[in-house]
Amino acid sequence: MGTFSDNSTVSRAQTRTIPAPTVARPADGLPAALLPWGWAAVLFLLYATVAVRRHQLLRTTGYDLGIFEQAVRAYAQLQAPVVPLRGEGFNLLGDHFHPLVAVLAPLYGLWPSPLCLLLAQSALLALAVVPLARWAVRSLGRRAAHVVAFGYGASWGIASAAAFDFHEVALAVPLLAFALEALGRQRWRQAVAWAAPLLLVKEDLGLTLAALGGYVAWKGPRKLGLVTAAAGLIGSAIEIKLLLPAFNPGGGYAHGGNLAEAHGSLLATIAFAPLDSLRPDVKAMTLVLVFAPSALLALRSPLSLIAVPTLAWRMLSDNGFHWGTAFHYSAVLMPVVFAGLIDVLARHRQSDHPLMARHVRASLLIVLAVTVVMLPSFPLAQLAQRATWRTTPHIEAARDLLRRIPDGATVAASNRLVPQLTSRCDVVLFPTWPVEGHLYEYDRKRLPGPTAEWIIHDSRAPEAWPYKTGHWPYPPEQQQAELDAARRTYGYRLVAARDGITLLRRDGREGEGRGAKAEGRGLR
């Protein structure tokens, strides 16, 4: 069996002064300088295939792909990111603070499609492997770098993000990876420069910037680290307390309730925080799984402390979606985990203890084994499923009915049909969701009437990973009742119905009564 380190018998002094790797001979495979980019290309194709195929199978959602497409579409038109899916006149900067998403607007302007966002996300997630693999080549050797690249690329946190719509955190993943590589090389200013834009990706990532600053203050220039930590903390505070409420139509922080005082007072909440972060059991399981791709070795690196802010807010949140392994919430943690792995193994490799080289090899074999064992349980395994490559009659029916809706129309659509329309229509969710920008905060028995020109509704329960299979946001009985009311009360007529999909259109001369009263709240 080959070794994972290139020079396992090199002395400690020699190891610490290893020169920059030279270009390998063609017989050795890719030159060392190209290895990270080769992996990035492979991972991009992998993620893009999963993401695009999911979209073609109607598995992407209005919440969240449709929401972000509406925002980027507005940016591309040099407008504020007002998103009808989140409510009439709702500026998405009042939901989460992610102005850096606007960098995708020029690309979207050239190719206005949800696939533009999905491919951009695939590229960003794949790009993060470059600094990690480059660091691994330099510190551990080429074979070890292949294991690190494969471990990161197939890690469940990245796979879950790649296979679930588009999210702003995709921008943070490569920024954090490059910053961590710079920390590993003790290039402190470069690390801060890479990490500083995290403040513009999401409001909680200022805390991650602060953690990185704390690491710099501990290991490097104290003043630079303290200034960075202060900038992160102050930046997050300004975004949460001032900017988000300013953009939010309700005047508050939309997600502040997720971190409410669970025990009646702030002091009691802080006192119980250690226990609350481990209960229910899914939290403890997630904490283990976060570091499992590194064979738990990342826990031995001080770099793992940079993951603490993200883990803390997730485990202390009241939102159960934050506790598990689905969705995109763990994507920013994976670069930290694999940076910690490289850091630990690099220190082991520098040791002149005779068993350390064997320990490094054994650790990498465990990382490889864990990656392979976990792979079938997460979304990349969909590529090996027959259903992924089969277009059903239901999907063909949906595409046929969607084509009947003209460009520029206003549409109320089922969640899985929304992102099929957002590039060319003004779309809201059917039945009405949310109401006045609020989620789950109103009487479902008194929903405002539909005002869009078209309604397209799918009564089939979708194959909905990471959600449980079923209807959202309302039970199927209520969705059917609202669909019936659209024809009976609000003046919609049946255009076509096929395989559980119903297409309705509103005639301008119809829709008296309650529907007419709701007309003023239509899409603009």
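Side-chain contact between V427 and L417 is absent, with no heavy atoms from C-beta onward closer than 4.5 Å. D426 has its side chain out of reach of V411: every pair of non-hydrogen atoms, C-beta onward, lies at least 4.5 Å apart. In this structure, L175 and L100 have side chains that are in contact, with non-hydrogen atoms separated by less than 4.5 Å. Within the 4.5 Å cutoff, the side chain of Y474 has heavy atoms near those of the W433 side chain. Using a 4.5 Å cut-off on side-chain heavy atoms (C-beta onward), L85 and F90 make no contact. Side-chain contact between Q186 and W188 is present, with heavy atoms from C-beta onward closer than 4.5 Å. Within the 4.5 Å cutoff, the side chain of F164 has heavy atoms near those of the D64 side chain. Residues E181 and L132 have side chains not in contact (no heavy-atom distance under 4.5 Å, counting atoms from C-beta outward).
By the 6.0 Å contact criterion, CZ on R189 is open, its count of non-hydrogen atoms from other residues, nucleotides or ligands being 12 or less. Crowding of R53 atom CZ: a count of heavy atoms from other residues, nucleotides or ligands under 6.0 Å exceeding 12. The number of heavy atoms from other shown groups lying within 6.0 Å of CE (M374) is above 12.
Here the CG-CD1 distance, from D204 to I240, works out to 7.5 Å after rounding to the nearest 0.5 Å. In this structure, I342 CD1 and L297 CG are separated by 12.0 Å, a value rounded to the nearest 0.5 Å. Between the CZ atom in F291 and the CE atom in M334 there is a gap of 8.0 Å [rounded to 0.5 Å]. Expressed to the nearest 0.5 Å, how far CG of L205 lies from CG of L200 amounts to 10.5 Å. Here the CG atom belonging to L183 is positioned 7.5 Å from the CH2 atom belonging to W135, to the nearest 0.5 angstrom. The structure places CG of L341 at 7.5 Å from CG of L140, a figure rounded to the nearest 0.5 Å.
In this structure a side-chain-to-backbone donor-acceptor pair under 3.5 Å is present from S304 to S301. Listed for the N91 side chain is no donor-acceptor partner under 3.5 Å among the backbone atoms of F247. Under the 3.5 Å distance criterion, the side-chain polar atoms of Q70 are left unmatched by any main-chain donor or acceptor of P81. Within the 3.5 Å criterion, the main-chain N or O of S139 finds no donor-acceptor partner in the side chain of Q350. Although no hydrogens or angles enter the test, the distance criterion places a donor-acceptor pair under 3.5 Å between the side chain of R314 and the main chain of G324. Between the side chain of W156 and the main chain of L289, a donor-acceptor pair closer than 3.5 Å is present. Looking at Y329, its side chain never comes within 3.5 Å of a backbone N or O of W323 through a donor-acceptor pair. Using modelled atom types, one side-chain atom of Q420 and one backbone atom of H55 make a donor-acceptor pair closer than 3.5 Å. A donor-acceptor pair under 3.5 Å links the side-chain atoms of S236 to the main chain of G206, judged by distance alone. Checked by atom type and distance alone, the side chain of S160 never pairs as donor or acceptor with a backbone atom of H328 at under 3.5 Å.
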Set out, in order, the CA-CA distance, both residues' side-chain angles and the distance that settles side-chain contact (heavy atoms from CB on, under 4.5 Å) for T325 and V282, then state yes or no.
CA-CA 9 Å; T325 57; V282 63; over 6 Å; no
Please lay out, stage by stage, how W472 and N415 fare under the test side-chain hydrogen bond (donor to acceptor under 3.5 Å, both in side chains).
CA-CA 7 Å; W472 187 89; N415 188 37; over 6 Å; no
Chi angles and distances behind the side-chain contact (heavy atoms from CB on, under 4.5 Å) call for T310, T208:
CA-CA 7 Å; T310 296; T208 299; 3.7 Å; yes
Give the intermediate values and the outcome of side-chain contact (heavy atoms from CB on, under 4.5 Å) for residues Y253 and N248.
CA-CA 7 Å; Y253 179 35; N248 190 293; over 6 Å; no
Assess the residue pair W218 and L305 against the criterion (side-chain contact (heavy atoms from CB on, under 4.5 Å)); give the C-alpha distance rounded to whole Å, side-chain angles, the decisive distance to 0.1 Å, and a yes or no.
CA-CA 12 Å; W218 178 21; L305 295 174; 4.1 Å; yes
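Here the closest heavy-atom approach between residue G66 and residue P419 is recorded as N-CB, 4.4 Å. Of all non-hydrogen atoms in A211 and P309, the two that sit nearest each other are CB-CG, 3.9 Å. L57 approaches T388 most closely through the heavy-atom pair CD1-O, 3.4 Å. Taking each heavy atom of A145 and A133 in turn, the nearest pair found is CB-O, 3.8 Å. Among all heavy-atom pairs drawn from P174 and A128, the shortest one is CA-CB, 3.8 Å. Between A154 and T371, the shortest heavy-atom distance links the atoms CB-CG2, 3.6 Å.
A distance of 6.0 Å or more separates the ring centres of W39 and Y152. Two rings, from F68 and H98, have their centers less than 6.0 Å apart.
Classification of K241 and E203 as a salt-bridged pair fails, no side-chain N sitting under 4.0 Å from a carboxylate O.
For Q121 and Y47, the side-chain atoms include no donor-acceptor pair closer than 3.5 Å.
Applying the side-chain contact (heavy atoms from CB on, under 4.5 Å) test between T60 and each of V418, L65, V52, L117 identifies L65 as the sole match.
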